[in-house]
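Working notes, structure below.
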Amino acid sequence: MWNAARFAASSLTRSTRRFSTAIPGPCIVHKRGADILHDPWFNKDTGFPLTERDRLGLRGLLPPRVISFEQQYARFMESYRSLEKNTKGQPEGVVALAKWRILNRLHDRNETLYYRVLIDNIQDFAPVIYTPTVGLVCQNYSGLFRRPRGMYFSAKDKGEMMSMIYNWPAHQVDMIVLTDGSRILGLGDLGVQGIGIPIGKLDMYVAAAGINPQRILPVMLDVGTNNQKLLEDRLYLGLRQRRLEGEEYISIVDEFMEAVHTRWPKAIVQFEDFQMKWAFETLQRYRKRFCTFNDDIQGTAGVALAGLLGAVRAQGRPLADFVKQKIVVVGAGSAGLGVLNMAVQAVARMAGNGEAAAKYHFFLIDKDGLVTKERKNLDPMAAPFAKEPGAIDGLREGASLVEVVKKVKPHVLLGLSGVGGVFSQEVLQAMRESDSAKPAIFAMSNPTMNAECTAEDAFKHAGENIVFGSGSPFENVDLGNGKVGHVNQANNMYLFPGIGLGALLAGARLISDGMLQAASECLASYITDEDIRKGILYPSIHSIRHLTVEVGAAVLRAAVAEELAEGHCDVGPKELMNMSKEETLEYVTRNMWFPVYSPLVHEK
Ligand SMILES: NC(=O)C1=CN([C@@H]2O[C@H](COP(=O)(O)OP(=O)(O)OC[C@H]3O[C@@H](n4cnc5c(N)ncnc54)[C@H](O)[C@@H]3O)[C@@H](O)[C@H]2O)C=CC1
Ligand SMILES: CC(=O)C(=O)O
Ligand SMILES: [Mg+2]
């Protein structure tokens with residue numbers, strides 16, 4: 001297995017590392033000849049040196065000229081840039097899918113080159129392999145399907161999973177992203193087609209956290225779909241049945257979790273894009289037994305909290321003023337409730353009083369308007385945030401968003417509703433009357449068409465003085481006279497890679513609230529006061545690998561402090577405990593994979 005392609009980590013800076021002359025250690029392969037060319041983990045295309053071609057039985061299977069990694073890289077980028085040029089003016093979706101296809105073909109052929117171009121060009125490529133294009137890919141997945149990636153466990157595999165898990169070719173798996181496809185971004189139930197999400201998230205793990213791509217596993221749990229259009233689609237590749245519910249459903253997830261942990265006891269499982277009821281239920285069910293977390297509930301909450309704290313700083317106020325901020329959260333799903341729970345914990349910590357007082361300033365709105373205690377069938381997860389009807393500015397059960405904003409004059413308006421445009425012109429204009437000198441608007445739903453508002457509309461209607469964040473990327477807004485409205489990408493991608501990396505390198509037994517809080521605080525403190533004054537709440541995606549080192553180290557140190565760290569490979573818990581902050585950063589960086597061609601050595 002590939003274990004030596006690691007770079008001297010201390011040289012990692014905020015900028016991207018260029019081609020190095022350091023000779024990477026060898027990598028053992030158990031294949032020869034054409035089998036290697038067809039294995040994207042080991043394939044180097046025309047980059048195999050002649051001696052290696054001899055060693056591996058490749059002579060004659062490739063054109064004779066050896067092309068260097070740098071030349072291959074340049075050649076790929078040239079094709080990508082000409083594709084961009086040639087598709088100019090074509091519909092957005094067509095261009096997006098064409099870009100995804102060219103990257104996907106490289107992914108399927110040569111992972112080393114793929115991850116290198118991804119890391120170096122993350123700003124250009126993240127929107128293709130992650131949100132927004134990944135949403136379009138999922139919607140069209142059955143038609144786009146050419147080669148499988150990851151594993152599929154279906155309701156038909158009940159009783160077989162313990163043996164199926166051994167069909168995966170890698171001996172070791174560190175990071176698993178699992179979905180059941182029931183709530184893919186803001187696009188709803190996409191059934192088996194949701195596999196694109198675990199693939200995209202794990203690509204971000206490799207690019208940002210340096211997780212070895214041979215040790216990642218995207219997984220789809222196909223328990224059916226309630227999407228009628230898909231059930232009637234003759235091309236649909238998933239089970240053509242309605243979703244399992246209740247005991248039948250949970251027994252499938254249980255069996256999968258047992259199978260994974262039998263084969264890879266230290267693997268971390270990230271739950272992604274589960275509908276709310278199962279998102280919370282599975283989190284409670286597994287978080288104490290396995291090293292697992294729910295990205296939509298916990299990763300999103302950490303990123304949002306960092307943004308909320310940044311918004312306080314942007315107003316020129318001390319952090320302690322967070323307890324006085326009035327925050328309207330639109331969307332009472334797994335993401336919105338996750339954010340509120342974490343924000344309440346933060347307020348309670350800062351104010352040193354009970355959580356009940358903290359909730360006073362938080363307002364929750366769902367598809368039926370303001371959530372109050374009068375709500376029929378009030379969801380128990382939303383109940384702690386339900387307001388006493390009439391108690392605040394006379395606001396009644398089900399009050400509309402615009403009414404709430406007009407009466408509350410919130411410091412922050414945060415959308416996790418999955419509904420595009422729900423921050424209408426009237427709502428945004430009402431934010432001009434906010435009690436904040438610099439109101440914050442977060443339109444966090446994905447993909448772009450599901451964002452609660454566009455960046456342009458936010459600055460146009462709510463005023464130039466806002467801070468703005470969106471889940472999917474938007475261009476900065478030209479405000480005229482040389483002024484720029486900065487757009488932050490408020491996306492859990494700034495935390496989940498570091499959470500997974502820190503937990504992995506700690507050998508954490510589980511992922512605690514303290515570890516998640518450490519991740520969020522690390523992100524919040526990453527931004528300088530000077531940047532905050534410009535409305536910058538999150539780092540540029542260029543810095544994501546550097547940020548992830550810091551987040552990973554913070555998570556690791558929190559695991560050590562809580563005595564949850566059992567050690568990783570040959571680094572035991574005592575050694576982790578004795579590491580200084582700098583040594584922890586160095587340890588994390590040293591263990592991150594970086595794509596270079598390693599000499600391949602064949603072993604039977
Ligand atoms: N930026 C980021 O990092 C993340 C963004 N998200 C996005 O958040 C969105 C929601 O995700 P979940 O909470 O998991 O979904 P969910 O389906 O659990 O919850 C959606 C909530 O929105 C409410 N809602 C629907 N229509 C509404 C309307 N017109 N006005 C007000 N509320 C309305 C629903 O009642 C429900 O409470 C998705 O679009 C997802 O892409 C989720 C996780 C991370
Ligand atoms: C970003 C993410 O996890 C979501 O939109 O679901
Ligand atoms: Mg998600």
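Both counts, for ligands and for their atoms, begin at 1 and track the order of listing. Excluded from the calculations below are hydrogen atoms, water molecules and symmetry mates; all remaining heavy atoms, backbone and side chain alike, are included.
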- Message: Measuring from non-hydrogen atoms of Asn450 to any atom of ligand 1, is the shortest distance under 4.0 Å?
- Response: no

- Determine whether any heavy atom of Val303 lies closer than 4.0 Å to an atom of ligand 1. no

Ring centres under 6.0 angstrom apart ([X], [Y]):
{"X": "Phe290", "Y": "His261", "value": "yes"}
{"X": "Tyr526", "Y": "Tyr494", "value": "no"}
{"X": "Phe423", "Y": "His461", "value": "no"}

- Message: Would you say that Ile195 contacts Pro218 through its side chain, given a criterion of any heavy-atom pair below 4.5 Å between the two side chains?
- Response: yes

Is [X] in polar range of ligand 1, meaning some N or O pair under 3.5 Å apart?
{"X": "Gly471", "result": "no"}
{"X": "Ala332", "result": "yes"}
{"X": "Thr300", "result": "no"}

- Message: Check the orientation of Phe256 and Phe153. Use parallel for under 30°, tilted for 30 to 60°, and perpendicular for over 60°.
- Response: perpendicular

Looking only at heavy atoms, is any part of [X] under 4.0 Å from ligand 1, and if so is it the side chain, the backbone, or both, or is it neither?
{"X": "Val419", "value": "side chain"}
{"X": "Ala279", "value": "neither"}
{"X": "Val330", "value": "side chain"}
{"X": "Arg183", "value": "side chain"}

Judged on heavy-atom distance to [atom], which of [options] sits nearest?
{"atom": "atom 32 (N) of ligand 1", "options": "Asp273, Asp296, Asp366", "answer": "Asp366"}
{"atom": "atom 5 (C) of ligand 1", "options": "Met493, Met381, Lys277, Met444", "answer": "Met444"}
{"atom": "atom 14 (O) of ligand 1", "options": "Ser472, Ser334, Ser400", "answer": "Ser334"}
{"atom": "atom 20 (C) of ligand 1", "options": "Ser417, Gly369, Gly415", "answer": "Ser417"}

Expected output: side-chain [X] to main-chain [Y] donor-acceptor under 3.5 Å:
{"X": "Ser470", "Y": "Pro473", "answer": "no"}
{"X": "Gln275", "Y": "Arg183", "answer": "no"}
{"X": "Ser251", "Y": "Glu248", "answer": "yes"}

- Item | Metal site the Mg ion (ligand 3), protein N/O/S atoms found under 2.8 Å | 3

- Query: Tell me, which residues have any heavy atom less than 4.0 Å from some atom of ligand 2?
  - Reply: Tyr130, Arg183, Leu185, Lys201, Glu272, Asp273, Asp295, Asp296, Asn446, Asn491, Asn492

So, are [X] and [Y] salt-bridged, with charged N and O less than 4.0 Å apart?
{"X": "Glu397", "Y": "Arg375", "value": "yes"}
{"X": "Arg287", "Y": "Asp513", "value": "yes"}
{"X": "Asp379", "Y": "Lys277", "value": "no"}

- For residues 381-394, pull every pair meeting side-chain hydrogen bond (donor to acceptor under 3.5 Å, both in side chains), keeping only residues two or more places apart or in separate chains. none

- min-distance protein heavy atom vs atom 25 (C) of ligand 1 -> Lys367 CB, 3.7 Å

- Message: Which residues pass the ring pair (Phe, Tyr, Trp, His ring centres under 6.0 Å) test with Phe274, not counting sequence neighbours?
- Response: Phe271

